[in-house]
Amino acid sequence: MTERADIAVLGAGIVGVSTALHLLQRGRTVLLIDRREPGEETSYGNAGVVARDALVPVLFPQGVQALWPFALNRTVAAHYHLRDLLGFAPWLAALRRNSAPAVVERYATIADRLAREVVRAHHALAGPAGAEHLFRQTGWLRIFRTPEGFAGAEKRLLAKARAAGVAFEVLDTAATLAIEPHLEPAFHRAILFPETESVASPGRVTQAYAEHFIANGGRFLKREIAEIRPLAKGFEIGVGGETVHADQVVVCLGIWSKAALKPLGYDLPLAPKRGYHRHYAPAGEASLSRPVVDIENGCLVTPMLDGIRLTTGVEFARHDSRPTPVQIARSEAAMRELFPLGAPVEATPWMGSRPCFPDSLAAIGPAPNHQGLWFNFGHGHEGFSQGPAAGHLLADLVTWSRPLVDPEPYSPARFS
Ligand SMILES: Cc1cc2nc3c(=O)[nH]c(=O)nc-3n(C[C@H](O)[C@H](O)[C@H](O)COP(=O)(O)OP(=O)(O)OC[C@H]3O[C@@H](n4cnc5c(N)ncnc54)[C@H](O)[C@@H]3O)c2cc1C
């Protein structure tokens, strides 16, 4: 079998599905390919936050005192596999360079341009796809257990939020309990970001967008992608012993993008930051109406269709090595101090990998060495938020339209 398309979009996570929909809306013949049904990997397992306030990149711990707890591998927020750590060394060194104050300031300006678009870009797809009912306009709460933790946010995040005009409210314990009455008063302050939205099932949102793509003439092929072969004109994609021919190809394979592009000569600094989730029944009558993140411990609880979803911070390990759910146990214990979780809903936690570049920016744009090949991956901690806006931007670039935001900071050529 040889399938043909103007454009093949590889990967049906939130980024690939959104990209495919935007290209379809511009009149292209689009074939979306994934070995699984749409939205079943990382785009299923995340916390479902659509963040307006993501203005600070991931930072390397500053100073020995901050680094020491991570080195001991005992924090709730981060965990590592010792045998894999050497492989992360160049990436961590680059993260350290990207944590310099001037780089962090530049990041805030770049991130704000896209963060302004993320909520609007989701609703532009959610309305026609019939997924609006999965969205909540309740904002999210960033909780700080200690005055020191809050002072850090005041210095870094709130200064940038003020400069960007992002709405927020600093709440003391009583004011926080007035809007989330089942939280335990075991914290110092909370910040409510009301413009940030969240969803009750990121997997279902992605599926709804994919169904809308198919209902409007897009094609979906459920196959393992084995190879991308550049031809004199266009590309041949090996899918399970068969081939697809496309004039152009967009790679949206999340963490798998690095391995898929290596045979074409691209060695990209894309690292997996693994994370876990598990659903719990609420204890007794306890309820939650928005995501609540325990900043010092990097874990979060949010109400989902399947129960209260607890998500963890970061695990540094190869994305395909076996799960070690140390962090879910630590996060569960920490979160029980803030919210009365009941029994777990599933026997084992879910695990997935955030696809992360060390400058906390995705690669969105043309591949440096192959005409007609495009990248849209590496959205890190913000991929569910950014998927629809990143799909819009990529479609702008493919169709030579006015770009949604300045694409230069996202250019894949920055790694050449
Ligand atoms: C615990 C956790 C919490 C998070 N919380 C948030 C949050 O609240 N908000 C936010 O914005 N982001 C969050 N993220 C990040 C977000 O989930 C990711 O950035 C995003 O889902 C990446 O989407 P994607 O489409 O690039 O990748 P994916 O969803 O992983 O999709 C990639 C697709 O490629 C397919 N694929 C791979 N290889 C092949 C192959 N060889 N053949 C065929 N198909 C293939 C896979 O099957 C998959 O469907 C979180 C992540 C984690 C782990």
Side-chain angles (χ1 to χ4, degrees), residues 8-20 32-54 58 114-115 118-119 122 140 196-199 202-203 205-207 209-210 220-228 237-240 244 250-261 270 272-278 291 293 298-302 304 309-315 319-320 325 327-328 331 349-357 360 362-364 375-391 394:
V9 176
L10 313 187
I14 187 66
V15 176
V17 168
S18 302
T19 303
L32 178 64
I33 311 174
D34 200 302
R35 61 187 164 208
R36 301 190 62 169
E37 293 297 328
E40 287 192 345
E41 290 279 2
T42 332
S43 299
Y44 154 75
N46 61 73
V49 176
V50 181
R52 167 65 185 100
D53 52 296
V58 175
L114 197 60
V118 295
V119 171
H122 259 288
W140 74 328
T196 284
E197 297 195 3
S198 62
V199 301
V205 168
T206 309
Q207 280 158 20
Y209 295 176
F220 174 64
L221 187 62
K222 191 173 167 188
R223 291 282 156 78
E224 174 85 27
I225 299 155
E227 199 188 350
I228 307 165
I237 303 149
V239 287
V244 166
V250 192
V251 177
C252 306
L253 293 166
I255 193 58
W256 296 273
S257 306
K258 182 179 166 87
L261 288 166
L270 187 71
K273 283 198 193 161
R274 305 201 320 183
Y276 297 82
H277 87 218
R278 197 172 201 183
V293 57
C299 54
L300 172 151
V301 275
T302 183
M304 290 273 178
R309 181 176 288 188
L310 169 70
T311 63
T312 71
V314 169
E315 184 171 63
H319 76 93
D320 52 358
Q327 268 182 308
I328 206 92
S331 301
W350 170 90
M351 186 193 82
S353 290
R354 305 165 180 94
C356 296
F357 286 112
S360 299
I364 310 171
F375 294 176
N376 199 355
F377 53 82
H379 304 77
H381 292 244
E382 306 300 330
F384 183 71
S385 307
Q386 294 179 355
L394 198 280

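Atoms within a ligand are numbered from 1 in the order they appear, just like the ligands themselves.
Across all non-hydrogen atoms, the minimal contact from Val17 to Ala210 is CG1-N, 3.5 Å.
Judged by the shortest distance from any of its heavy atoms, His381 lies inside the 4.0 Å radius around the atoms of ligand 1. In this structure, His277 has no heavy atom closer than 4.0 Å to ligand 1. Contact between Arg223 and ligand 1 is present, with at least one heavy atom of the residue lying under 4.0 Å from the ligand.
With values rounded to the nearest 0.5 angstrom, His381 atom NE2 is found 12.0 Å from Asn46 atom CG. Here Leu261 contributes atom CG and Ile228 contributes atom CD1; the two are 5.5 Å apart, rounded to the nearest 0.5 Å. Interatomic distance, Leu270 CG to Phe357 CZ, rounded to the nearest 0.5 Å: 4.5 Å.
Checked against Tyr44 for a side chain to side chain contact (heavy atoms under 4.5 Å, CB included), the options His277, Glu37, Gln207 give a single hit: His277.
Residues Val314 and Arg354 form a side-chain contact, since some pair of their non-hydrogen atoms from C-beta on lies under 4.5 Å apart. The shortest distance between side-chain heavy atoms of Ser331 and Tyr276 does not fall below 4.5 Å. Counting heavy atoms from C-beta outward, Ser198 and Trp140 have side chains that stay 4.5 Å or more apart.
Nearest protein neighbour of atom 35 (C) of ligand 1, counting heavy atoms only, is Asp34 OD2, 3.1 Å. Summary of contacts: the protein heavy atom closest to atom 14 (N) of ligand 1 is Asn46 CB, 3.5 Å. In terms of protein heavy-atom proximity, atom 45 (C) of ligand 1 is closest to Leu253 CD2, 3.6 Å.
With a 4.0 Å heavy-atom cut-off, ligand 1 is reached by the side chain of Trp256 but not by its N, CA, C or O.
Of all atoms in ligand 1, numbered sequentially from 1 with element shown, those under 4.0 Å from a heavy atom of Val49 are 7 (C), 8 (O), 9 (N), 10 (C), 11 (O). Counting the atoms of ligand 1 from 1 in the order shown, those under 4.0 Å from a heavy atom of Ala47 are 3 (C), 4 (C), 5 (N), 6 (C), 7 (C), 8 (O). Annotation for ligand 1: atoms under 4.0 Å from non-hydrogen atoms of Glu41 are 30 (O), 46 (C), 47 (O), 48 (C), 49 (O). Listed by number with element, the atoms of ligand 1 under 4.0 angstrom from any heavy atom of Ser43 are 21 (O), 23 (O), 24 (P), 25 (O), 28 (P), 29 (O). Taking every non-hydrogen atom of Ile14 and a distance limit under 4.0 Å, the qualifying atoms of ligand 1 come out as 23 (O), 25 (O). Each of the atoms 7 (C), 8 (O) of ligand 1 lies under 4.0 Å from some heavy atom of Gly48. The atoms of ligand 1 that sit less than 4.0 Å from any heavy atom of Gly11 are 34 (O).
Atom 41 (N) of ligand 1 has its nearest heavy-atom neighbour, among Thr206, Ile225, Leu10, in Ile225.
At least one donor-acceptor pair under 3.5 Å links the side chain of Ser360 to the backbone N or O of Val58.
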